[in-house]
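Quick note: numbers below take in every heavy atom, side chains included, and nothing from hydrogens, waters or symmetry partners.
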Amino acid sequence: LGMTRNNNPVMEARVMPVTLANHRLEVGFTDRAFGGDVTADPANGVYFRATPASPNWIAVNRTSSVETGSTVDTGVAATTTQFQELRIEINGSINTRFFINGELVAAITANIPTVNLGFSAGNAISTTADGPKDFDIESIKVWIDDPPRGTSGEMATTSEDNPIAETLIS
């Protein structure tokens, strides 16, 4: 299921890795083939990433294998003790917004992919050390949203909890 950035795709996933040792976590939108190798970054994507080198969730925009100027350390560590709600909103060519547990943790305007992206979640061993690759997912929601309307020059967030009002015609 591929979606372009102009469809304003949104995803929410409640995730919890079983372990953080020697693992690479990824949740979001990518162009990775189903069952593709999660040990390396995809060529294109808008996603959260966590590794032993960067145990905090990193917000990533990546286009044609380039993410220069388009990664943000969210300051929120991946955890094995509670589920975390990760949310990504792609607002066309304007920006991408990343939320953890309902809090905006990053907004990125660079390297928003123009190719079709699909939902992706993965956990890979990042070294040759053997170990479980369990990644608990409590829920996943992916949808296409109406373009957000801003107030005071800012982008507004849309969701099923905060939908854009529709006028009913009787």
Side-chain angles (χ1 to χ4, degrees), residues 1-15 17 20 23-78 84-126 135 137 140-159 162 164:
L1 175 64
M3 297 168 276
T4 72
R5 67 185 187 181
N6 294 329
N7 292 133
N8 300 301
V10 179
M11 79 95 216
E12 284 183 355
R14 289 184 49 82
V15 301
L20 296 172
H23 285 69
R24 182 182 185 287
L25 308 171
E26 176 184 295
V27 180
F29 294 108
T30 72
D31 64 351
R32 187 182 311 283
F34 180 75
D37 182 9
V38 185
T39 60
D41 286 298
N44 298 284
V46 177
Y47 54 96
F48 286 98
R49 171 180 67 208
T51 66
S54 300
N56 288 346
W57 288 111
I58 306 297
V60 179
N61 280 7
R62 188 171 173 89
T63 301
S64 301
S65 299
V66 174
E67 58 187 55
T68 305
S70 58
T71 60
V72 174
D73 183 334
T74 66
V76 178
Q84 292 174 298
E85 183 179 272
L86 307 179
R87 177 183 171 117
I88 297 173
E89 299 175 353
I90 302 176
N91 297 308
S93 60
I94 298 168
N95 69 2
T96 57
R97 293 162 40 108
F98 296 79
F99 300 81
I100 298 178
N101 297 327
E103 297 293 322
L104 179 65
V105 293
I108 304 172
T109 58
N111 292 325
I112 303 171
T114 58
V115 300
N116 288 350
L117 303 174
F119 176 77
S120 174
N123 182 4
I125 294 176
S126 62
F135 192 35
I137 301 175
I140 299 170
K141 299 178 200 173
V142 179
W143 69 94
I144 302 298
D145 218 342
D146 292 328
R149 296 184 190 149
T151 57
S152 303
E154 295 180 12
M155 294 296 291
T157 299
T158 59
S159 72
N162 182 27
I164 293 175

Shortest non-hydrogen contact from V27 toward A13 = CG1-CB, 4.0 Å

Side chain S64, main chain V66, donor-acceptor under 3.5 Å | no

Which heavy atom of A40 sits nearest a heavy atom of R32, and at what distance?
-> O-NH2, 3.1 Å

How would you list, by chain and number, every residue that makes a salt bridge (Lys or Arg N to Asp or Glu O under 4.0 Å) with D41, sequence neighbours excluded?
-> R24, R49

Separation between CG of N56 and OG1 of T51, rounded to the nearest 0.5 Å = 10.0 Å

Minimum-distance pair of heavy atoms, taken over all atoms of F119 and M11 | CE1-SD, 3.5 Å

For residues E89 and F99, determine if any side-chain heavy atom of one lies less than 4.5 Å from a side-chain heavy atom of the other.
-> yes

Shortest non-hydrogen separation from P17 to L25 and the atoms involved | CG-CD1, 3.7 Å

Is the backbone N or O of P42 less than 3.5 Å from a side-chain atom of R62, with the two atoms forming a donor-acceptor pair by type?
-> yes

Side chain to side chain contact (heavy atoms under 4.5 Å, CB included), paired with W57, selected from V15, D73, V72 = V15

d(I58 CD1, T74 OG1) to nearest 0.5 Å is 6.5 Å

Interatomic spacing from OG in S120 to CG in D31 - rounded to 0.5 Å | 9.5 Å

Which of these, N116, I144, L117, sits in a side chain to side chain contact (heavy atoms under 4.5 Å, CB included) with M3?
-> I144

Flag the pair F98 / N61 as yes when at least one side-chain heavy-atom distance between them is below 4.5 Å, and no otherwise.
-> yes

Heavy-atom pair of closest approach, residues G122 and F135 | O-CE2, 3.9 Å

When you look at L86 and I100, which way does the side chain to side chain contact (heavy atoms under 4.5 Å, CB included) test go after all the steps?
-> CA-CA 5 Å; L86 307 179; I100 298 178; 3.8 Å; yes

Could you pull out all donor-acceptor pairs under 3.5 Å where a side-chain atom in residues 101-115 meets a protein atom, sequence neighbours excluded?
unit_1 : atom_1 : unit_2 : atom_2 : d
N101   : OD1    : E85    : N      : 2.8
N111   : ND2    : T68    : O      : 3.2
N111   : ND2    : S70    : OG     : 3.0

If you take all heavy atoms of Y47 and I88, which pair is closest and at what distance?
-> CA-CD1, 3.6 Å

Sub-3.5 Å donor-acceptor pair from the side chain of Q84 to the main-chain atoms of A77, do we have one?
-> yes

